[in-house]
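Report on the structure given below.
Just so it is clear, the values below take in all heavy atoms, side chains as well, and ignore hydrogens, waters and symmetry mates. Residue numbers start from 1 in every chain, and the chains themselves are labelled A, B, ... in the order their sequence lines are given, proteins ahead of strands. Only a predicted model underlies this, so the values are computations on that prediction, with no experimental measurement involved.
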There are 2 protein chains.
Amino acid sequence: MILIKNFWKNRRDELGLGIHIYPSCWSEFLTSRKVISFENIKVACKNCSLSALCLPMGLSPDDVERLDSIIKRGRPYHRGDHLYRGGDKFHSLRVITSGSVKTYSPNEDGGEQVLGFHLQGELIGLDAIKDESHNCAAIALETTAVCEIPFLQLESLSSIMPSLQHQMYRLLSREIGQDTEMLTLLGKKSAEERLASFLLSFSERFKQRGFSASDFFLSMSRYEIGNYLGLAVETVSRLFTRFQDESLLRVERRHVQLVDIPRLYEIVQRSDSTKSSQSRV
Amino acid sequence: MILIKNFWKNRRDELGLGIHIYPSCWSEFLTSRKVISFENIKVACKNCSLSALCLPMGLSPDDVERLDSIIKRGRPYHRGDHLYRGGDKFHSLRVITSGSVKTYSPNEDGGEQVLGFHLQGELIGLDAIKDESHNCAAIALETTAVCEIPFLQLESLSSIMPSLQHQMYRLLSREIGQDTEMLTLLGKKSAEERLASFLLSFSERFKQRGFSASDFFLSMSRYEIGNYLGLAVETVSRLFTRFQDESLLRVERRHVQLVDIPRLYEIVQRSDSTKSSQSRV
DNA sequence: AAAACGACTTGATCCTGATCAAGAATTTCT
DNA sequence: AGAAATTCTTGATCAGGATCAAGTCGTTTT
């Protein structure tokens, strides 16, 4: 048993697949075990399994081609490597192509506010456009590959490609929408609701990416989950235990299996229908 | 005393100046007391005192002219009027030109999460771009005038005006940055820090607009402040009282005078230097 | 294999801010 | 002007979750 777990654990580390996300192009690698250098896994947008989630979403093949021409694919980051830090000059947006990333806003004394966890297909760095430098930092939670999109070039391209411009506006707008959802979470929801919401968000995002919605590995620690959700580590830990006792899920360290997804949704929606903190003009 | 207060109160209501913000073009009106129809106060961007804060910021005069040509200036909204509601089709971004607006995300039972309070020069509706319909609502907190900017036209214009496109990216990015600051506020800060932060934000924004940084009227209720900051009304009320007892400010209902702004800043920054909720990978 | 370390869990206690309740001050309605 | 409805304040009590403390489990180092 331990052997098997270790096998998978080592396997994940070695491949950088901590959360069971495999770029489609790696399937050959996984089955054949041929040694393939990282150079070879640089996939053009048009062949990338993420294009439906990612920036090229909805663009015509020609437009994708043009977008592709400005994208840089660098070497992968390892767990703990920074993609950028607060204060770094902003030059590129980045799309995660495999692995996962945490963004956070550090405060001088070493404390931090975790701003988000990002999976493949997600675009990060949008907040840095406004003053051409990063106010937040981004760090790889496991072996992670990214596409870099030099912003100046993206901007020029988008001004001659209305569909790309439109896509950019949509993505920026979506980011705002996600942030405001998070405001509601932090402003109004109980610890229980926050964790349920967190888990379902991952469930949905894994599902979108073709992985199990009910069985996955989280790539972040309890500390990071707590920080993100505005809770103490101990609270997060206790909630996991309670959820398990209530047969909502099974959890062993970072491996989570959601057993009763509908009931998790009930928990999240509970606040919408009971609490009424009206505010009149 | 009451007479004087009522005088100003009525004056404000009649003119829609609840938070002491006067479009520059109204000064003639205020001194001469001529009756001027609202038609006459429709100011072109190039003559508008807000252009430095608003969308035209940094555009060339020619570009401002072109932007101006697509902007619609409608009749003012009265206190309690909705600019848009959740579910409304999105067609325009809006810039507040006078007055103030609350945006909120309603949940079925009448409860709500206040997302922001917006003053003149601020652009709202950015979150609705992504799916062409509003998920949030916006309501006037007092008599409020807005410029409407039809988004489709803005989009076309921005694709032939790189400077406008750039400005849009910056504004969208700024919005994201503001939201993430708010996440830190709600995730990590105490009630005291939240209210101090709230007051200083208004102080700064009033100052930017040429008004007193230390003496202003808030256009929202305690309920709305509490809702926005993730606090109960009672807590907000108690904090105002305490801040007054500590000579940080003087407050009488919605009229606030900040007496010791430096100390308010200390309160806000306190958390950055004491609490350390580290989170390791 | 032992030791050291970091991540996580569990228990006990404390405190901030929510909730409940009542009253005062304003505003709105008639 | 008087009544009714709101908004705001203040006090008392309660509870959710933070903090403190100790221990377990798993991994890494030597």
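For the pair E246(A) and R263(A), the salt-bridge criterion is not met [side-chain N within less than 4.0 Å of a carboxylate O]. The pair K102(B)-E112(B) counts as a salt bridge, with a side-chain nitrogen and a carboxylate oxygen less than 4.0 angstrom apart. Between K188(A) and E193(A) there is no salt bridge, since none of the side-chain N atoms of the basic residue sits less than 4.0 Å from a carboxylate O of the acidic one. The residues E234(B) and R238(B) are annotated as not salt-bridged, no charged nitrogen and carboxylate oxygen being separated by less than 4.0 angstrom. R209(A) and E122(A) are joined by a salt bridge, as a carboxylate oxygen and a charged side-chain nitrogen come within less than 4.0 angstrom of each other.
Put simply, R254(A) has no side-chain N or O that comes within less than 4.0 Å of OP1 or OP2 on dA7(C). Phosphate contact (OP1/OP2 of dC8(D), side-chain N/O of S237(B), threshold under 4.0 Å): absent. Remark: R253(A) is not in phosphate contact with dG26(D), judged by side-chain N or O atoms under 4.0 Å from OP1 or OP2. Of the side-chain N and O atoms in T241(B), one or more sit less than 4.0 angstrom from OP1 or OP2 of dT10(D).
Summarising the geometry, the separation between CD on Q244(B) and P on dT9(D) is reported as 9 Å, rounded to the nearest angstrom. In this structure, L239(B) places its CG atom 9 Å from P of dA18(C), rounding to the nearest Å. Straight-line distance from the CD atom of E252(A) to the P atom of dT9(C): 10 Å, rounded to whole Å. Here the C1' atom of nucleotide dT26(C) and the NE2 atom of H255(B) are 17 Å apart, to the nearest Å. In this structure, the CZ atom of F217(A) is 13 Å from the P atom of dC8(C), given to the nearest Å. Taking atom CD1 of residue I225(A) and atom C1' of nucleotide dT9(C), one finds them 14 Å apart after rounding to whole Å. Taking atom CG of residue L231(A) and atom P of nucleotide dT19(D), one finds them 11 Å apart after rounding to whole Å. Here dC8(C) presents its P atom at 17 Å from CZ of F243(A), a figure rounded to the nearest Å.
The aromatic ring centres of F117(B) and Y228(B) sit less than 6.0 Å apart.
Distance from the side chain of A232(A) is smallest to dA18(D) among dA18(D), dT9(D), dC8(C). The listed nucleotides are dA18(C), dC8(C), dG17(D); the one nearest the side chain of Y223(A) is dC8(C).
Axis orientation changes by 50° from one end of the helix from dA1(C)-dT30(D) to dT30(C)-dA1(D) to the other, with each end axis drawn from 5 pairs and the value rounded to 10°.
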Identify all pairs in which a protein N or O lies below 3.5 Å from an N or O of nucleotides 11-13 of chain C, and state each distance.
residue : atom : partner : partner atom : Å
dG11(C) : N7   : R238(A) : NH1          : 2.8
dG11(C) : O6   : R238(A) : NH2          : 3.3
dA12(C) : N6   : R238(A) : NH2          : 3.4

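Across all strands shown, G230(A) has heavy atoms under 4.0 Å from sugar-phosphate atoms exclusively, and none from any base. At a threshold of 4.0 angstrom between heavy atoms, the contacts of A191(B) are confined to the sugar-phosphate backbone, with no base atom among them.
A donor atom on one side chain and an acceptor atom on the other are not found under 3.5 Å apart for H118(B) and S100(B). No donor-acceptor contact under 3.5 angstrom links the side chains of S190(B) and R194(B), judged on distance only. H134(A) and D127(A) share no side-chain donor-acceptor pair at under 3.5 Å.
For the side-chain contact (heavy atoms from CB on, under 4.5 Å) criterion with S219(B), the lone passing option out of E224(B), R254(B), E142(B), R79(B) is E142(B).
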